[in-house]
Protein chains: 2
Amino acid sequence: MSNLERIAKLSGFSKATVSRVLNHSPHVSQETRATILQIMKELDYVPNRNAISLSTGQTLQIGMITSSINEIMLPFLNGFVEVAEQHGFQTIIYTTNDDTSKERQAFEDLRQKRVDALVIISCVTSAKEVESYCKYGPIVSWQRMDNPAIGSVAMDQFKGYTLALDHLIPKGHTRIANALGRTYSINTRSRQQAYEQAMQKYNLPVLRQFYYPSTYTILDGERVMRAMLQQSEALPSAILCSNDHVAAGVLCEARRQHLRVPGDLAIVGFDDTELSHTLGITTIRNPIAAQAQNAFHLLSGPLRGIDMPQAELCFELIERTTT
Amino acid sequence: MSNLERIAKLSGFSKATVSRVLNHSPHVSQETRATILQIMKELDYVPNRNAISLSTGQTLQIGMITSSINEIMLPFLNGFVEVAEQHGFQTIIYTTNDDTSKERQAFEDLRQKRVDALVIISCVTSAKEVESYCKYGPIVSWQRMDNPAIGSVAMDQFKGYTLALDHLIPKGHTRIANALGRTYSINTRSRQQAYEQAMQKYNLPVLRQFYYPSTYTILDGERVMRAMLQQSEALPSAILCSNDHVAAGVLCEARRQHLRVPGDLAIVGFDDTELSHTLGITTIRNPIAAQAQNAFHLLSGPLRGIDMPQAELCFELIERTTT
DNA sequence: TTGAAAGCGTTACCAT
DNA sequence: ATGGTAACGCTTTCAA
């Protein structure tokens with residue numbers, strides 16, 4: 001293994017100059033640079049990252065904390081990895097299964113300077129404890145945290161949901177069901193509020209008996225559809241789903257039951273994933289990848305001393321064939 | 001930020017002794033240890049990982065190369081992360097989108113000692129080029145590589161598929177369809193061979209017109225079911241699926257078409273994921289997490305000087321309600 | 001433009 | 001059981 005010193009010896013220059021070549025310093029003559037680069041190539045030289053990190057105090061690695069990896073957060077993950085990479089940062093993933101001790105491992109890695117920053121997708125550690133790690137490096141969260149000290153790039157779900165309702169109600173839908181996500185999450189609460197407020201505003205019934213909590217997958221959607229049919233009450237004329245997967249399940253099951261969509265039932269998804277595109281499901285475009293970019297931008301200031309603006313994000317209704 | 005030297009000064013001992021405490025060396029007296037630990041706690045001391053890595057030449061990080069993250073490889077990913085963690089290693093994921101330059105980044109990180117080893121889930125870099133990086137650290141692959149220099153923990157799909165056939169044929173199934181995966185992968189070829197050999201052995205027809213390539217998801221499965229019904233020929237009496245998701249799709253669509261399962265059509269999945277359990281699909285148990293463990297075990301020798309045995313793995317038929 | 005030398009924070013060898 | 005000190009491989013300041 002050849003190192004800086006070896007290159008320096010062979011080239012006849014000092015380690016400092018070789019280092020300058022490595023870091024593209026302008027204060028090196030063309031010839032010198034050429035000579036040194038030549039020797040590096042011959043020796044198949046590679047700088048040692050650990051030495052660089054030790055010297056600079058930066059690892060160029062960012063940790064990402066998530067309970068598990070699933071399709072919902074994949075656009076965020078991939079979006080973040082991509083923008084980070086563009087700026088020379090690598091992403092290292094901590095899957096925690098919502099285990100606090102595993103989460104602590106990630107926070108400790110921030111202290112130990114194994115990562116320069118942390119981005120939280122989901123985490124069960126208390127906001128207060130998370131905050132105690134802020135002094136070791138910047139931390140940003142996707143989910144909204146109770147603690148204002150921790151930056152967040154979450155979007156207010158209220159607006160997105162309202163968009164869907166303002167689309168459905170003018171079309172004459174009065175009885176609207178909801179397939180929801182995690183019961184106690186801030187997101188779910190916002191959506192529920194949006195629904196209840198809209199219904200009150202238009203003087204329409206709030207169908208609590210058609211709330212279906214904890215729906216995440218295609219199969220959940222199919223289950224919801226069957227459950228709706230088994231209600232003693234008449235079928236709602238529309239359903240808002242927690243995400244496109246659930247909407248896909250509802251759609252498939254509805255067709256299986258020979259219901260016409262949107263004739264008998266209108267369906268609105270959420271997120272605008274590829275699946276909704278494929279199946280032609282009306283949905284709310286949720287700029288998840290852009291949120292991930294914002295997360296990196298938020299980190300950029302403390303991390304690199306470069307302030308990057310937060311993109312102004314908004315939901316958007318994508319009308320397709322299910323409404 | 002306090003460091004070893006600071007602790008040494010304050011405790012009155014040398015850096016060497018403090019280091020011994022850190023590394024649980026037995027050659028430190030109880031009192032000394034206690035004193036030093038006490039001071040560490042007071043100063044909220046954390047050892048710097050970069051310094052450790054530079055000094056030891058180990059990062060305790062293992063890179064994982066994959067085209068993208070999806071549900072199929074998730075058990076492998078999670079299985080590997082878990083076993084690695086148990087032995088003090090962290091996993092860092094390189095998603096490459098099958099882009100060779102991104103893959104090269106991962107290999108370069110092995111050279112630069114950012115990771116101690118590499119495990120390949122999927123990669124498009126030529127086996128020859130991959131081999132050229134072997135000298136920088138151990139590399140192991142999940143998929144079978146052409147190059148014998150690179151260890152692999154792939155299992156021979158032939159056996160698993162044969163298991164399914166030996167289950168179906170004695171039950172009287174003579175016309176069997178196949179929903180397959182990547183057309184040119186070694187896995188798919190093995191499965192196809194297993195099918196064709198079994199059919200020849202029992203003197204049954206090889207139904208090439210009921211080969212459905214490139215099936216991966218629930219929706220693909222539903223598509224396959226519809227396609228089978230649209231064939232001019234009579235429906236096969238059974239179908240082997242590339243994975244449980246596809247099987248789930250076939251099952252759902254079959255029911256939607258009012259077919260009896262297994263009466264009109266028997267269905268066999270692959271992998272024994274939670275989904276097959278939930279839906280009661282007969283499937284072939286594929287010990288993916290155990291393969292991931294084997295991958296780590298394979299790395300353990302060159303990585304830690306500790307030889308860990310390869311678990312002898314085998315497929316297993318899990319009979320449920322679809323056959 | 002270039003060089004010398006002092007860090008960066010550990011580990012590990014050789015003494016004692 | 002403990003200490004002194006040379007690595008580890010790079011960056012960065014200060015001089016020249």
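The sequence lines fix the lettering, A, B, ..., with proteins before strands; numbering per chain opens at 1. Keep in mind the model is a prediction, meaning the values are calculated, not measured.
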Within residues 104-111 of chain A, residues whose heavy atoms come under 4.0 Å of DNA chain D: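 Heavy-atom cutoff 4.0 Å gives no residues at all.
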
Between [atom2] on [N] and [atom1] on [X], what's the gap in Å once rounded to a whole number?
{"X": "B/I36", "N": "D/dG3", "atom1": "CD1", "atom2": "C1'", "answer": "12 Å"}
{"X": "A/H27", "N": "D/dT13", "atom1": "NE2", "atom2": "C1'", "answer": "13 Å"}
{"X": "B/R49", "N": "D/dC8", "atom1": "CZ", "atom2": "C1'", "answer": "16 Å"}

N or O in side chain of A/S14 less than 4.0 angstrom from C/dT2 OP1/OP2: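 For C/dT2, OP1/OP2 do not have a side-chain N/O of A/S14 under 4.0 Å.
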
A/S29 side chain near C/dT2 phosphate (N/O to OP1/OP2, under 4.0 Å): yes

Side-chain donor-acceptor pair under 3.5 Å between [X] and [Y], yes or no?
{"X": "B/S101", "Y": "B/D99", "answer": "yes"}
{"X": "A/Y45", "Y": "A/N3", "answer": "no"}
{"X": "A/S122", "Y": "A/Q143", "answer": "no"}
{"X": "A/D109", "Y": "A/Q61", "answer": "no"}

Each stem that DNA chain C is part of, given as range with range (3 or more consecutive Watson-Crick or G-U pairs, under 3.5 Å):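 The stems that DNA chain C takes part in, listed by first number, are C:1-16 with D:1-16.
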
Sugar-phosphate, base or nothing in reach of B/T32, heavy atoms under 4.0 Å: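 Counting heavy atoms under 4.0 Å across all strands, the contact made by B/T32 is with sugar-phosphate only.
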
Carboxylate-amine/guanidinium contact B/E108 B/R111, below 4.0 Å: yes

Under 3.5 Å: donor-acceptor pair, side chain of B/S126, backbone of B/E129: yes

Heavy-atom donor-acceptor pair, B/Q58 side chain to B/L303 backbone, under 3.5 Å: yes

Ring geometry between B/W142 and B/F76 (parallel below 30°, tilted from 30 to 60°, perpendicular above 60°):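 B/F76 and B/W142: parallel rings.
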
Contact pattern, 5' to 3', of nucleotides 7-16 of chain C - B, S or - by protein heavy atom under 4.0 Å: BBBBBBB---

Note, B/M155 side chain near B/Q291 side chain (heavy atom, < 4.5 Å): yes

Side chains of B/K113 and A/R49 in contact at under 4.5 Å (non-hydrogen atoms): no

Qualifying residue for side-chain contact (heavy atoms from CB on, under 4.5 Å) with B/R285, from B/T273, B/D272, B/D271: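 It is B/D272, the one option of B/T273, B/D272, B/D271 that forms the side-chain contact (heavy atoms from CB on, under 4.5 Å) with B/R285.
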
